[in-house]
Number of protein chains: 2
Amino acid sequence: MNMPKDVQHKLATHPLFDGMGRSQQNWLFTVGESISLAKHEYLFRRGEQSGRLYVLLSGHIKLSIPAERGQEKVLEFLSPGDVFGESALLTNHLAITDAQALGPSELLAFQGKDVMVAVTRVPSFAQQILTNLSQRVETLFRDMESTSLLSAAQRVAEYLLRQPRVGNQAKLPFHKRAIASKLGLQPETFSRSLQQLAADGLISVRGARVVIHDADKLQAMLV
Amino acid sequence: MNMPKDVQHKLATHPLFDGMGRSQQNWLFTVGESISLAKHEYLFRRGEQSGRLYVLLSGHIKLSIPAERGQEKVLEFLSPGDVFGESALLTNHLAITDAQALGPSELLAFQGKDVMVAVTRVPSFAQQILTNLSQRVETLFRDMESTSLLSAAQRVAEYLLRQPRVGNQAKLPFHKRAIASKLGLQPETFSRSLQQLAADGLISVRGARVVIHDADKLQAMLV
DNA sequence: CGAAGGCTTGAGACCGCTCAAGACCCGTGG
DNA sequence: CCACGGGTCTTGAGCGGTCTCAAGCCTTCG
């Protein structure tokens, strides 16, 4: 693989690879392909046959389905450690989402057939991927629960509570338009919901910075 | 395993098990547990730690999230061959859905730790589970696409087109209330959407029986 | 044949969407 | 460093698709 030594060293301690022997690691790094994406660059688009399974090493990737008039439905924001591109494991399946880098990103890519071989040669790799896919299914379940059972303001409150905070301040990690789509809302509705929470004294909003004044009341909204 | 010989024989030719040797099959059948469910019986409920991965052999299982006032959000209808209960693969995770049999059902269950061992001993089993989980993720993506991008009538049309037909007649396989929930609709809205399609001459509805008069126009609605 | 549950139909309300315009923010180049 | 410009976000007004609540009907099954 076209991979610098320092990257390999970092990978060796990554959860995905640290449960296996050195030779198995080397073999994976040989069949794997290192990929770098610039901000806004597409990894694949709906309808393409990417044929590869990806591991996100750094950066953020947005999985979305394109819709009319430049709109889109955001399905997932992926973070380092996430495994995706599972259509590669299904013979002759085309990608059903777009995959776009939201910032400079590094990935590791495996041909679908290599993955199936890797599963037999490196059991711990198979276990990691299984765990990861299971995690994805659970996350999707939770997302479906939220969008179908909660109101707009509730979804926004839930999302805010999930963001990492320093002190009581959180930062919206992506464009509000994209977050709104992920929550199943129009940008206008997302904005209005934030305003509503602010009017109720639960938060303050300035740009992408959100101050959480009353996390307990936000949590109580979700009942 | 407490499993009749004839069931074992049927399993031996099942896609999940036919890519492995006889001894590997026998081992799986030994660590696996055979489960039978009566109609309406629950396999597990939200909040429980089922700890097992299931393979549905016959019957149908409904995965849903309970909501207020006896309501529920149906996430998936499972059919024979489907693999589920992936929270078993995540240590200390509780089930986030209910799993209820919609009719008499037979399943094979594996303890989470046994699955992880099986992955190392029986690679083809690991591959099958990976394929199945990938399939599930894709299906969930499609469902999210439909519910967030299509109108009520469009979702109903899409659902009808996916049902198996004999001649031009399809049969709704579950209670309309449950199908409505799967599509993200209230029962009333589902009913009205069916009436609308009937009024437009695309279908006829009598109870659970739906006659598709014009599949092309139904398909054209989805654009 | 009767009862219970599921489905349909109607009327009305409301939440979120659409369309449109203006404000703000941030990155860029001078 | 500042001014500019494009893109993003906010705000307003009005609409409409879906939901809610409430009866009544139909089917099915005991």
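Since the structure is predicted, the reported quantities are computational estimates derived from the model, not experimental observations.
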Using atom [atom1] of [X] as one end and atom [atom2] of [N] as the other, report the distance to the nearest whole Å.
X: A:L194; N: D:dT8; atom1: CG; atom2: C1'; result: 14 Å
X: B:F174; N: C:dC7; atom1: CZ; atom2: P; result: 13 Å
X: B:Q195; N: D:dT18; atom1: CD; atom2: P; result: 16 Å
X: A:R192; N: C:dG16; atom1: CZ; atom2: P; result: 11 Å
X: B:Q196; N: C:dG10; atom1: CD; atom2: C1'; result: 15 Å
X: A:Q154; N: C:dC15; atom1: CD; atom2: P; result: 12 Å
X: A:K176; N: D:dT11; atom1: NZ; atom2: C1'; result: 13 Å
X: B:E68; N: D:dC21; atom1: CD; atom2: P; result: 12 Å

Side-chain heavy-atom pair A:F29, A:F17 within 4.5 angstrom cut-off: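 A:F29 vs A:F17: side chains touch.
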
message: Could you check whether any side-chain heavy atom of B:Q100 comes within less than 4.5 Å of a side-chain heavy atom of B:S64, counting everything from C-beta outward?
response: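 No, side chains not in contact.
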
query: So does A:R177 reach the base of D:dT10 with its side chain, donor to acceptor, closer than 3.5 Å?
result: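 No pair found.
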
message: Suppose we call a contact any N or O donor and acceptor under 3.5 Å apart; does that hold for the side chain of A:E188 and the base of C:dC19?
response: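 Indeed, a donor on one side and an acceptor on the other fall under 3.5 Å apart.
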
task: Measure from the side chain of A:R155, starting at C-beta and using heavy atoms only, and say which of D:dC19, D:dT11, C:dG16 lies closest.
output: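 So the side chain of A:R155 is nearest to C:dG16.
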
field: Selection from C:dG6, D:dT11, D:dT18 that lies nearest to any side-chain heavy atom of B:H175
entry: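 Selected nucleotide: C:dG6.
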
query: Hey, are A:K62 and A:E76 close enough for a salt bridge, meaning a charged N less than 4.0 Å from a carboxylate O?
result: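 Between A:E76 and A:K62 there is no salt bridge, as every charged N stays at least 4.0 Å from the carboxylate O atoms.
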
message: Any salt bridge linking B:R142 with B:E138? Criterion: basic side-chain nitrogen under 4.0 Å from a carboxylate oxygen.
response: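 Salt bridge between B:R142 and B:E138, a charged N being under 4.0 Å from a carboxylate O: yes.
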
message: C:dG16, OP1 or OP2 - any side-chain N/O from A:T189 closer than 4.0 Å?
response: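 No, outside the criterion.
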
message: Let me spell it out: for each of B:A178 and A:S151, pick the nucleotide of DNA chain C with the closest heavy atom. Which residue's pick is nearer the 5' end?
response: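 The residue closer to the strand's 5' end, by nearest nucleotide, is B:A178.
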
message: Nearest heavy atom decides the nucleotide; on that basis, is A:G184 or A:G207 closer to the 5' end of DNA chain C?
response: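 On the 5' side of the pair lies A:G184.
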
- request: Establish, from distance only, whether the side-chain atoms of B:S105 and B:H60 form a donor-acceptor pair under 3.5 Å.
  value: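 Distance-only check fails for B:S105 and B:H60.
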
message: Please list all pairs meeting salt bridge (charged side-chain N to carboxylate O under 4.0 Å, His left out) that have one or both residues in residues 163-184 of chain A, counting only residues at least two apart or in different chains.
response: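 Non-adjacent pairs meeting salt bridge (charged side-chain N to carboxylate O under 4.0 Å, His left out): A:D143-A:K182.
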
message: Among residues 163-172 of chain A, which ones have heavy-atom contacts with DNA chain C below 4.0 Å?
response: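 None - not one residue of the stretch has a heavy atom sitting under 4.0 Å from the strand.
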
task: Check the pair A:E106, A:S36 against side-chain hydrogen bond (donor to acceptor under 3.5 Å, both in side chains), reporting the backbone distance first and the verdict last.
output: CA-CA 5 Å; A:E106 297 174 303; A:S36 289; 4.6 Å; no

